Number of protein chains: 2
Amino acid sequence: MAASAHRGAPLTPEEISATALRLIDAGGVEGLSMRKLAVELDVNPMSLYHHVDGKTALLQRVCALVAGRLDLPADDDAPWQERLRALGHACRRSARRHPSLWLYAQSHPEVTGTDHLIWRALDRILATAGIDADDLVHARKTLFALLSGFILGETTGALDEQGGAADRDQTFEAAVDFAIAGLSAFRKSTA
Amino acid sequence: MAASAHRGAPLTPEEISATALRLIDAGGVEGLSMRKLAVELDVNPMSLYHHVDGKTALLQRVCALVAGRLDLPADDDAPWQERLRALGHACRRSARRHPSLWLYAQSHPEVTGTDHLIWRALDRILATAGIDADDLVHARKTLFALLSGFILGETTGALDEQGGAADRDQTFEAAVDFAIAGLSAFRKSTA
DNA sequence: ACCTGAACACCGTTCAAGT
DNA sequence: ACCTGAACACCGTTCAAGT
């Protein structure tokens, strides 16, 4: 009845993270438990604690796994508007693939370490856009809020429930246009 | 040792919600349990189930309690920009008073029922701002995302951890300016 | 070294029995 | 009607004992 000894291979970290991600996608972060993960890996629940430092550490690794798969836009010479749009799409794509994990990560930022990859990329885009140095922090945080909130609303469904038969992709494009126009508030401030 | 019979009064819904809110503010939504709430009310844990339909229903009531205390801006003849700003400040104030509840509510929108109060008020403001009817849904959802994301980031601390010694209030004002400028993307679309 | 059973301190919730 | 004890089906995690 109980899970028997693991089949040969000694349970790699990659296997643990990948399986956890699969369970999260299927049943949500709330539905993941160390015990269920152990069953899925055909292993005694307590064996996991020899490879992971606890549930929080496990979730951190899974977040890192997903973050590594983001395909952020290159720093090419495309117009900054396009790169901004591409950054948003990359995040949305990932969030649609792993909704429950994104929901969790956004409520528990300590688990992702403030997403270095994404925000550094955003900073480079804003620099190209000619944002005043004084306002760069404000601009980054504001765009962070907009993107974060959009993905949150899309993931929870709050955005859809707000009525209006509008297509989600269409709304997202509108939000990007809004952001591009909004950035003028920062560019003009010292003019 | 165990909690004895309740002291006289027969445990009103208001008392339950108010006590739950207090516990949430003190120890987070995650830290609230039916059992702890019962101890706090000096009642047997199972007695609660005669007055509330379960933990989810309890959280719904607590959210409604907090939503009722929002002081949203009046529909006066102040400029729409000011009313927009005031709407944002009202939400931020509430979120700062009850951070854990807001965090929970934003990840579980089913618990708030899409916040009718706030979004109806926002719609009225946008109407005053002269947004095209075609774009109103997009505009509302975009502002929803921005406000929601800002409060999320402020509540979790993700916004602060992004470096920059910028004052939070200052960043919020900058975000409102950004939003006001961004709305021009909607106003010009049919011109 | 690696694995494991039992145990601890929790959960939300059900249900039959009490008053 | 209202309350309650015991119980069920879960959690994450510790720890001493096994191989």
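This structure is a prediction, so every number in the text was calculated from the model and none was measured. In what follows, chains are A, B, ... by sequence order, proteins preceding strands, each numbered from 1.
Checked against a 6.0 Å centroid threshold, the rings of H89(A) and F172(A) count as neighbours.
Put simply, the side chain of R85(B) reaches to within 4.5 Å of the side chain of I180(B), judged on heavy atoms. By the 4.5 Å heavy-atom criterion applied to side chains, L183(A) and W80(A) are counted as neighbours.
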Listed pairs, N/O of protein and of nucleotides 16-18 of chain D, under 3.5 Å:
none

Write down the protein N/O and nucleotide N/O pairs, taken from nucleotides 10-14 of chain C, whose separation is under 3.5 Å; answer none if there are no such pairs.
residue, atom, partner, partner atom, Å
dC11(C), OP1, S33(B), OG, 3.3
dG12(C), OP1, M34(B), N, 3.2
dG12(C), OP1, K55(B), NZ, 3.4
dG12(C), OP2, M34(B), N, 3.2
dG12(C), N7, R35(B), NH1, 2.2
dG12(C), O6, R35(B), NH1, 3.2
dG12(C), O6, R35(B), NH2, 3.4
dT13(C), OP2, Y49(B), OH, 3.0
dT13(C), OP2, K55(B), N, 3.0

Fill in: side-chain contact (heavy atoms from CB on, under 4.5 Å) between L143(A) and L126(A), worked out
CA-CA 10 Å; L143(A) 287 184; L126(A) 291 176; 3.7 Å; yes

Practice prompt. Kindly indicate, with the supporting measurements, whether the criterion side-chain contact (heavy atoms from CB on, under 4.5 Å) is fulfilled by L37(A) and L58(A).
Written response: CA-CA 11 Å; L37(A) 178 58; L58(A) 172 65; 3.6 Å; yes

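N44(A) and A38(A) make their closest contact through C-CB, 4.0 Å (heavy atoms, listed as atom of the first residue, atom of the second, distance).
Rounded to a whole Å, the CG atom of L48(A) is 10 Å from the P atom of dT4(C). For the pair N44(B) CG and dA6(D) C1', the computed distance is 11 Å after rounding to whole Å.
With a 3.5 Å limit on both pairing distances and Watson-Crick or G-U wobble geometry required, the stems of 3 or more pairs in DNA chain D span C:4-8 with D:12-16, C:12-16 with D:4-8.
Within a 6.0 Å sphere centred on CG of D53(A), other residues, nucleotides and ligands contribute 12 heavy atoms or fewer.
Each ring-ring contact (aromatic ring centres under 6.0 Å, His included) pair with one or both residues in residues 47-69 of chain B, not counting sequence neighbours, would appear here, but there are none. Under the salt bridge (Lys or Arg N to Asp or Glu O under 4.0 Å) criterion, the residue pairs touching residues 64-75 of chain B are D71(B)-R93(B), D75(B)-R83(B), D75(B)-R124(B), with sequence neighbours excluded.
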Which atom pairs, donor and acceptor, lie under 3.5 Å between side-chain atoms of residues 144-159 of chain B and protein residues at least two apart or in another chain?
residue, atom, partner, partner atom, Å
S148(B), OG, Q106(B), NE2, 2.7
E154(B), OE1, R92(B), NE, 3.0
E154(B), OE2, R92(B), NE, 3.3
E154(B), OE2, R92(B), NH2, 2.5
T155(B), OG1, I151(B), O, 2.6
T156(B), OG1, L152(B), O, 3.1
T156(B), OG1, A158(B), N, 3.2

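dA9(C) and dC10(D) are spaced 22 Å apart, taking the P atom of each and rounding to whole Å.
For H51(B), no side-chain nitrogen or oxygen approaches OP1 or OP2 of dC2(D) to under 4.0 Å.
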